[in-house]
Amino acid sequence: MTNNTSVLNWITEMKNLVVPDSVVWIDGSEMQLEKLRKQACETGELIKLNQELLPGCYLHRTNVNDVARVEDRTFICTKNKDDVGPTNNWWHSDEAYKKLYDIARNSYKGRTMYIIPYCMGQVGSKFSKIGIELTDSIYVVLNMAIMTRVGQNVLDALGNSNDWVRGLHCSCDIDDSKRYICHFPEDYTIISVNSGYGGNVLLGKKCFALRIASYLGKQEGWLAEHMLILGVENPNGETKYIAAAFPSACGKTNLAMLIPPEGYKKKGYKVWCVGDDIAWMRIGADGSLWAINPENGFFGVAPGTNRNSNPNALETIKKNTIFTNVVQNLDNNTVWWQGLDQTPPENAIDWKGEPWNGKTSNEPGSHPNSRFTAPVVNCPCISKEFANPEGVPISAIVFGGRRAHTTPLVYQSRNWDNGVFVGATMASETTAAASGKVGVVRRDPMAMLPFCGYNMAEYFNHWFKIGEKLGDKAPKIFNVNWFRLDENNKFIWPGFRDNLRVIEWILKRCDNEVDAKETPIGFLPYAKDINTDGLNINLETLESILNVDNDMWKDEVADIEDFFKKFGDDLPEKLKIQLDILKSMH
Ligand code: GTP
Ligand code: SPV
Ligand code: MN
């Protein structure tokens with residue numbers, strides 16, 4: 001498939017390490033993928049679903065100990081500890097290689113090595129990057145074939161270049177005590193052992209497109225971000241693009257695939273999805289910020305996805321989709337998850353593979369982090385710019401988290417530096433997307449805490465530098481929070497499609513079309529300026545989520561100060577200045 005010596009030498013080295021019974025190059029052809037699907041069904045790795053109702057769809061169950069990313073077992077491996085900063089787990093690269101090679105050694109015995117050449121971004125585009133993942137899992141091959149561009153044309157595009165990311169995945173025994181997800185940014189290398197779950201093993205995604213890419217972006221002057229990209233087309237047919245960073249399971253896919261509320265639809269508004277999880281952003285020839293989505297598929301959260309919350313996602317996953325850890329309805333061999341509809345199947349198998357009756361069981365049948373893997377081309381609202389190798393120009397950057405209290409529905413930062421501060425001090429309640437406790441508020445700068453491949457203090461500096469280069473062409477920076485709770489723990493803001501009402505305010509602010517009130521944290525909307533036509537929310541309630549509670553923000557400031565202390569002398573001066581400004585205003 002290739003004469004590239006750097007590729008062939010590395011594969012030989014890895015083959016000698018893991019000792020597979022056989023080797024298969026993935027050429028990206030439908031014929032080969034179909035053969036693999038068949039094979040996986042024979043071993044039970046995949047379950048073929050009802051092909052009339054769900055053509056090309058399959059179900060997979062991961063090991064019960066292996067259902068989410070494992071942040072405590074994720075490492076950035078370098079020669080110097082300082083290079084990874086206080087928010088990453090560090091491992092000396094020499095020691096890490098030794099330990100990982102010990103685990104990987106002979107682990108492909110009796111198995112096949114699949115060699116997946118893949119491309120993040122359009123094949124042949126100067127903004128795209130190539131990787132090769134070795135895996136012993138057909139599930140990984142089939143997911144990578146949806147999530148990335150895979151096959152011979154990738155190797156052709158690579159030619160003799162040494163500029164590609166090495167990725168070794170070994171399923172081993174899915175032993176969680178020996179599970180490691182390791183990144184060697186200095187060597188463009190990723191090694192993942194003892195897992196079979198998405199973000200741990202689809203190495204093009206979080207490992208490459210965020211952790212390694214953020215490191216590359218730092219050196220090459222661009223940004224790799226945990227952001228959705230969406231286009232809002234107004235009734236005049238003009239489209240403006242927004243990039244938004246929310247932590248895992250905090251609403252990126254839902255916002256990216258939004259269908260406008262009735263009133264907006266009637267007026268002629270349309271929303272286009274460019275990406276739902278990752279954005280690579282560069283300063284374009286015109287001096288403004290341009291973003292591409294390097295992925296080719298969606299790896300989305302299943303629970304909560306339904307005809308009301310996200311009809312475009314439901315449409316997207318009707319065919320050629322792999323479902324992971326959802327309920328299998330035995331009556332018609334389809335799938336179900338919590339929040340799909342009000343009628344859970346009674347004759348079913350749950351995500352653990354046990355018989356499950358949705359009527360009588362007290363346990364949810366789908367895992368809270370159960371997922372679908374679906375090709376981008378399936379999405380009814382996919383932007384025509386998705387395939388544009390130059391990407392789309394970004395008018396606004398939006399940060400957001402899941403906060404029951406404190407953070408208002410939306411506010412605008414004063415300027416780029418203040419916006420970087422807003423991003424750097426973001427906090428959100430933890431979700432089921434990573435192992436560990438759910439619902440704990442933690443600082444998650446730019447939604448990148450688990451994904452930044454180097455010292456986050458440097459990362460903040462990098463953001464400031466990008467802002468300096470952009471100057472007055474810089475996108476405006478905002479913060480949103482769809483998740484404020486009332487005294488009965490119910491969401492106050494309706495969310496989902498109605499988030500377009502907030503996006504409209506954001507875009508108006510970008511065009512200086514609406515006033516705002518200045519507060520210590522930035523510019524907040526006047527409640528009257530958020531369009532609530534057709535919504536069941538009164539002005540008073542809206543005002544209650546557009547307030548800045550001084551006492552709560554005092555606590556917030558104290559917590560930010562604590563968080564910043566972690567970075568010691570590395571903390572950028574500009575962040576200290578921003579914190580001082582915020583403090584002085586309280
Ligand atoms: P990752 O794929 O993990 O990066 O997640 P994501 O950021 O794409 O989150 P996603 O859109 O899948 O939403 C995660 C959960 O949040 C789902 O259960 C959604 O139903 C819920 N959610 C999304 N948007 C909203 C909203 O506007 N309001 C409320 N209340 N819930 C939302
Ligand atoms: C996330 O956790 O942010 C995801 C899913 O998008 S995973 O690919 O597992 O990282
Ligand atoms: Mn994500």
Side-chain angles (χ1 to χ4, degrees), residues 62 66-71 74 140 143-144 147-148 181 192 195-211 225-228 230 244-258 273 275-279 293 295 297-306 308-310 312-314 317 324-325 337-340 364 366-374 398 400-404 409-410 428-436 438 444 447-451 480-486 489-503 545:
T62 62
D66 187 31
V67 292
R69 287 183 293 99
V70 279
E71 293 179 4
T74 298
V140 168
N143 273 273
M144 285 293 285
M147 294 305 297
T148 72
I181 319 300
S192 164
S195 175
Y197 166 76
N200 299 330
V201 297
L202 308 179
L203 301 186
K205 196 172 175 62
K206 295 303 165 44
C207 300
F208 180 171
L210 289 180
R211 297 195 188 96
E225 298 297 330
H226 191 198
M227 289 180 177
L228 68 94
L230 102 179
F246 310 155
S248 302
C250 289
K252 288 184 300 301
T253 303
N254 276 271
L255 186 63
M257 295 186 185
L258 178 149
C273 173
D276 82 323
D277 199 50
I278 297 176
N293 167 15
E295 300 192 280
F298 304 111
F299 185 61
V301 176
T305 306
N306 61 49
N308 295 322
S309 65
N310 194 346
N312 278 328
L314 270 200
I317 60 183
T324 302
N325 293 339
W337 47 81
Q338 263 54 44
L340 174 64
S366 61
H367 188 275
N369 191 39
S370 54
R371 299 245 167 195
F372 53 78
T373 319
V398 181
R402 190 182 277 271
R403 295 293 299 269
L409 178 65
V410 58
S428 192
E429 291 147 22
T430 51
T431 66
S435 65
V438 168
D444 186 350
M448 283 288 281
L449 182 76
F451 307 120
V480 299
N481 176 23
W482 317 136
F483 299 95
R484 286 279 289 266
L485 296 179
D486 65 13
N489 282 337
K490 288 190 110 160
F491 292 116
I492 299 172
W493 177 248
F496 300 100
R497 66 179 56 199
D498 291 310
N499 292 333
L500 185 60
R501 299 165 188 277
V502 173
I503 301 292
I545 51 174

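Index from 1, following the sequence. Whatever order the structure lists them in is the order used to number ligands and atoms, beginning at 1.
Among the atoms of Lys206, an N, O or S atom falls under 2.8 Å from the Mn ion (ligand 3).
With Asn254, Ile492, Val301, Asn369 as candidates, the residue nearest to atom 13 (O) of ligand 1 on a non-hydrogen basis is Asn254. When the heavy atoms of Phe246, Phe483, Phe372 are ranked by distance to atom 29 (C) of ligand 1, first place goes to Phe483. Looking at Ala249, Ala447, Gly339 and measuring to atom 5 (O) of ligand 1, the nearest heavy atom belongs to Ala249. The option with the heavy atom closest to atom 1 (C) of ligand 2, from among His226, Lys206, Lys252, is Lys206.
Less than 4.0 angstrom separates some heavy atom of Ser248 from each of these atoms of ligand 2: 1 (C), 2 (O), 3 (O). Of all atoms in ligand 2, listed by their number and element, those nearer than 4.0 Å to a heavy atom of Phe299 are 5 (C), 8 (O), 9 (O). Of all atoms in ligand 1, numbered sequentially from 1 with element shown, those under 4.0 Å from a heavy atom of His226 are 4 (O). In summary, the atoms of ligand 1 found under 4.0 Å from a heavy atom of Asp277, numbered by their order in the structure, are 4 (O). Close contacts between ligand 2 and Ala433 involve ligand atoms 2 (O) [criterion: under 4.0 Å to a heavy atom]. Counting the atoms of ligand 2 from 1 in the order shown, those under 4.0 Å from a heavy atom of Asp277 are 6 (O).
Between the side chains of Arg69 and Ser248, at least one donor-acceptor pair of N or O atoms lies under 3.5 Å. Side-chain contact annotation: Thr373 with Asn143, donor-acceptor N/O pair under 3.5 Å present. When only modelled atom types and interatomic distance are considered, Asp276 and Thr253 share a side-chain donor-acceptor pair under 3.5 Å.
Protein heavy atom nearest atom 6 (P) of ligand 1, with residue, atom name and distance: Lys252 N, 3.3 Å. The protein atom (non-hydrogen) at minimum distance from atom 7 (S) of ligand 2 is Gly199 CA, 3.5 Å. Nearest non-hydrogen protein atom to atom 2 (O) of ligand 1 is Arg371 NH1, 2.7 Å. In terms of protein heavy atoms, atom 17 (C) of ligand 1 is closest to Pro303 O, 3.9 Å. Residue, atom and distance of the protein heavy atom nearest to atom 9 (O) of ligand 1 are Gly251 N, 2.9 Å. The single protein non-hydrogen atom nearest to atom 9 (O) of ligand 2 is Tyr197 OH, 2.8 Å, given as residue, atom name and distance. If you check which protein heavy atom lies closest to atom 24 (N) of ligand 1, you get Phe496 CE2, 3.5 Å.
Proximity of Lys490 to ligand 1, defined as any heavy-atom pair under 4.0 Å, is not found for any part of the residue. For Ser309, no heavy-atom contact with ligand 1 is shorter than 4.0 Å. Counting heavy atoms closer than 4.0 Å to ligand 1, residue Thr431 contributes nothing at all. Residue contacts with ligand 1 for Leu255 are absent, since no atom lies close enough (heavy atoms, distance under 4.0 Å). The residue Ala256 has no part lying near ligand 1, judged by heavy-atom distances below 4.0 Å. The proximity of Ser248 to ligand 1, defined as any non-hydrogen pair under 4.0 Å, involves the side chain as well as the backbone.
Considering both main-chain and side-chain atoms, Gly300 never comes within under 3.5 Å of ligand 1 through any nitrogen or oxygen pair. For a threshold of 3.5 Å applied to N or O pairs, the pair formed by Phe491 and ligand 1 contains no separation below that value. For ligand 2, none of its N or O atoms has an N or O atom of Lys205 under 3.5 Å away. Every N/O-N/O distance between Trp482 and ligand 1 stays at or above 3.5 Å. Considering both main-chain and side-chain atoms, Arg402 comes within under 3.5 Å of ligand 1 through a nitrogen or oxygen pair.
Panel note: side chain Ser435, backbone Val70; no donor-acceptor pair is recorded below 3.5 Å. At distances below 3.5 Å, at least one donor-acceptor pair connects side-chain atoms of Ser428 with backbone N or O atoms of Arg402. Under the 3.5 Å distance criterion, the side-chain polar atoms of Ser309 are matched with a main-chain donor or acceptor of Gly304. Judged purely by atom type and a 3.5 angstrom limit, Asn254 has no side-chain atom pairing as donor or acceptor with the backbone of Leu258.
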- Let me see the working for Asp66 and Ser195 under side chain to side chain donor-acceptor pair (under 3.5 Å), right down to the final yes or no. CA-CA 6 Å; Asp66 187 31; Ser195 175; 2.7 Å; yes
- Task: Evaluate the side chain to side chain donor-acceptor pair (under 3.5 Å) criterion for residues Trp493 and Asn481: first the C-alpha distance (whole Å), next the side-chain angles of each, then the deciding distance (0.1 Å), finally the verdict.
- Result: CA-CA 9 Å; Trp493 177 248; Asn481 176 23; over 6 Å; no
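Looking at heavy atoms from C-beta onward, Thr305 lies in side-chain contact with Trp337 at the 4.5 angstrom threshold. In this structure the side chain of Asp277 reaches within 4.5 angstrom of the side chain of Lys205, judged on heavy atoms. For the pair Pro247 and Thr431, the minimum side-chain heavy-atom distance is 4.5 Å or more. Within the 4.5 Å cutoff, the side chain of Arg211 has heavy atoms near those of the Thr74 side chain. The closest side-chain heavy-atom distance from Asn312 to Cys273 is not below 4.5 Å. Side chains of Phe298 and Ile317 form no contact here, defined as non-hydrogen atoms less than 4.5 Å apart. Side-chain contact check for Leu210 versus Ile278: some heavy-atom pair is nearer than 4.5 Å. At a threshold of 4.5 Å between non-hydrogen side-chain atoms, the residues Leu314 and Leu340 count as touching.
The aromatic rings of Phe491 and Phe483 stand perpendicular to each other, their planes meeting at an angle above 60°, with 30° marking the opposite boundary.
At least one heavy atom of Pro247 sits less than 4.0 Å from an atom of ligand 1.
Counting just the N/O/S atoms of Asp277, the one with the shortest distance to the Mn ion (ligand 3) is named OD1.
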